[in-house]
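In what follows, chains are A, B, ... by sequence order, proteins preceding strands, each numbered from 1.
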Protein chains: 2
Amino acid sequence: MSTATVSRALAGKSSVSPATKARVEAAAKQLGYVVSAAASSLASGRTRNVGVVMPYLDSWFFMAVLKGAQRTLADAGYDVTLYHLAPADGLEIDSESAQRRSRLFDEFLRRQRVDALIAVNLELDDHERTALGDLSRPVVGLGGPLPGLHTLSLDDTGVARLATDHLLALGHRSIAHITGDPDFERDFQMPATRRAGYEASLVEAGIEPDPLLVRHANFTIEGGYDATLRLLGDPRVHPTAIFAASDEMAIGALLAARDLGRTVPGDLSIVGIDGHDLADFFGLTTIDQFPEVQGQQVAQIVIDELTGQLQDAVDEDLPYELVVRRSTSRLREA
Amino acid sequence: MSTATVSRALAGKSSVSPATKARVEAAAKQLGYVVSAAASSLASGRTRNVGVVMPYLDSWFFMAVLKGAQRTLADAGYDVTLYHLAPADGLEIDSESAQRRSRLFDEFLRRQRVDALIAVNLELDDHERTALGDLSRPVVGLGGPLPGLHTLSLDDTGVARLATDHLLALGHRSIAHITGDPDFERDFQMPATRRAGYEASLVEAGIEPDPLLVRHANFTIEGGYDATLRLLGDPRVHPTAIFAASDEMAIGALLAARDLGRTVPGDLSIVGIDGHDLADFFGLTTIDQFPEVQGQQVAQIVIDELTGQLQDAVDEDLPYELVVRRSTSRLREA
DNA sequence: CTGAAAGCGCTAACAA
DNA sequence: TTGTTAGCGCTTTCAG
């Protein structure tokens, strides 16, 4: 039997008789033979490897996404090569992280080691956009609109409105918002978008948004805690509810409220965004965005594209869902 | 100029004149030329890619390790391929996760796509041990003794003794311990080892270990919380201190104590293990084991081995350090 | 449906 | 120090 037939049998091509295919597979299993990745890649141009670029490797949310993507890709027979790319903050032009960033685009990705790339929450400058284009490999973005690429993104306005409307429906009128610093984190202006959704909901309910009710934090529990201390300590405002732009900040808010002697939800209702593992433990009402499923979905799009099952451009909105727990309740009559 | 010279120049071989080397590099940069990974691998047998096998992708500790390893490897020019391998629990023989596990060893790793493997907290059965041996590629284990392989591990007994001795030195005599289930998690008997260290310290201090003071949890905040409720609610015991086998469980203990109206450290001292990001926020005394540095160290060993700078077997103990914060204090006189 | 043969783009001997 | 050349182990036309 020729090497060509073996190759075709193992690749699952249709033009092999079931009988020989079975024989090849049996022999391969018995010998423990596995195709050499390098030789196969060199001959075919396909690597069976997908790159995943993540902005953070120490955040619960992104790791949930990674977990979902890795599993889906591995089950389809793909390796996953992980790249870590700290978000550009526009300030440190030639910092270590900026060097790593350009090295990724100019060196690592050019080695032609990946069949496709998953870019999570990645904003690209012109140079990077060109570099990705030159790869002529599919790139799928998760979390923000990447012009010209397949993209899955969350409707941040809708999510923020749902959270705010939930609090409004419970009778709250003085609703504070804890969000990220719009200058620092460049995640597609996600903080700004969520804030806009929050304000739009208020306006529709006939409430004038009060800038004093908006506080900035860095998307961590600590940040949410500090912001909440500042908020609740400010004598000029008297919020009865807080909408935090992430569950971690919401958990920080919960702990801060408790430390200040406010009961949740008695004195203060709190809602977050994400669907964090700990939300259930803390009884936190949240808008779940199913990050692990996001990872699976984006991986599936990559697989479909690589196997030619995908024709049209993808530009979908991700699902989200209000999960009510015990951190929100009807406004207590004064 | 021949392709061979270019190859040598770009590989940084010594046998190239500085002048031509410079010319090659300039030309390469100008053309945006980067060596094709597949062709290079096929010809040389080297992939410049290191596999990392992790038991969990959703735990803070392992992600810190991954972050450190990924950065060190990327800075040395290596790609990182991530494999997720849920720990074998001995029960579900033919579960999905068992299938994924055998597929990793029998298919993915045989593709010869990695120059070396980092195995984090991975216990191997005989088949797997053989499979790794057949790769004839360096394997470095982090977190447990892998016979015959380079290994970095934490002295769990020493860590547990340090934590316990810290509490003893503060005057505590009734010290509880929250640890993992020794049957369920097969992390090299880590929970059992830590418990042994705890008991050894007590015995040395002339205290009889009380099984009622030991509670099992699953290494999460929730688990630590529940275990602490059970512990503090048990009328038969009156601990004045808790040593938890992880910071997450310690944080759970802290929250549980607070919910039961016990002040920390007034009524109860609490110490954990890990050096979690949140330890500082919660004022948690901990034994820091510097997980991110562990990742860097294990990556560096791999790099040294691959570049031939490593001769002897490595079997080192990892550093750890007591970090005292405000969750532990001297025993209050009754 | 199967076989023969021509590379894929590099690296590493070996020569020069 | 550089050039020449023979593969590395597959996949894929092209024939049969």
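- An OP1 or OP2 oxygen of C:dC10 is reached within less than 4.0 angstrom by no side-chain nitrogen or oxygen of B:R48.
- Secondary-structure annotation of DNA chain C gives the stems C:1-16 with D:1-16, with a stem taken as at least 3 successive Watson-Crick or G-U pairs whose two distances both fall under 3.5 Å.
- Boundaries of the chain B contact region on DNA chain D are D:dT1 to D:dG9, first to last in 5' to 3' order (nucleotide atom under 4.0 Å from a heavy atom).
- Side chains of B:L152 and B:E316 form a contact here, defined as non-hydrogen atoms less than 4.5 Å apart.
- Residue B:S7 places no side-chain N or O under 4.0 Å from the OP1 or OP2 atom of C:dA12.
- Toward the 5' end of DNA chain D, the nearer of the two residues B:S17 and B:Q112, judged by each one's closest nucleotide, is B:S17.
- The CZ-P distance, from B:R46 to C:dC10, rounds to 15 Å in whole Å.
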Verdict with supporting geometry, A:E96 and A:R100, side-chain contact (heavy atoms from CB on, under 4.5 Å): CA-CA 6 Å; A:E96 269 199 336; A:R100 291 203 175 90; 3.7 Å; yes
Could you pull out all donor-acceptor pairs under 3.5 Å where a side-chain atom in residues 22-35 of chain B meets a protein atom, sequence neighbours excluded?
none

Derivation and outcome, salt bridge (Lys or Arg N to Asp or Glu O under 4.0 Å), residues A:R101 and A:E128: CA-CA 9 Å; A:R101 194 175 173 101; A:E128 293 163 353; 2.6 Å; yes
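- With B:R137 contributing its side chain and B:V114 its backbone, the two residues share a donor-acceptor pair below 3.5 Å.
- The side-chain hydrogen bond (donor to acceptor under 3.5 Å, both in side chains) check on B:D156 picks up B:R194, with sequence neighbours excluded.
- In this structure, B:L82 and B:M54 have side chains that are in contact, with non-hydrogen atoms separated by less than 4.5 Å.
- Looking only at distances, no side-chain donor or acceptor of B:Q300 sits under 3.5 Å from a matching main-chain atom of B:T72.
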Under 3.5 Å, N/O pairs linking protein and nucleotides 13-16 of chain C:
| residue | atom | partner | partner atom | Å |
| --- | --- | --- | --- | --- |
| C:dA13 | N6 | B:R8 | NH1 | 3.3 |

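- Side chain of A:D115 to backbone of A:R48: a donor-acceptor contact under 3.5 angstrom is found.
- Side-chain atoms of A:S41 come within 3.5 Å of backbone atoms of A:R46 as a donor-acceptor pair (strictly under, hydrogens ignored).
- A 4.5 Å side-chain heavy-atom check between B:V65 and B:V52 finds every atom pair outside the cut-off.
- The aromatic rings of A:F108 and A:Y83 sit perpendicular, their planes meeting at an angle over 60°, well past the 30° parallel limit.
- In the region residues 24-42 of chain B, proximity to DNA chain D at under 4.0 angstrom, judged on heavy atoms, holds for B:L42.
- From B:D317, atom CG reaches atom CG of B:L154 across 7.5 Å, with rounding to the nearest 0.5 Å.
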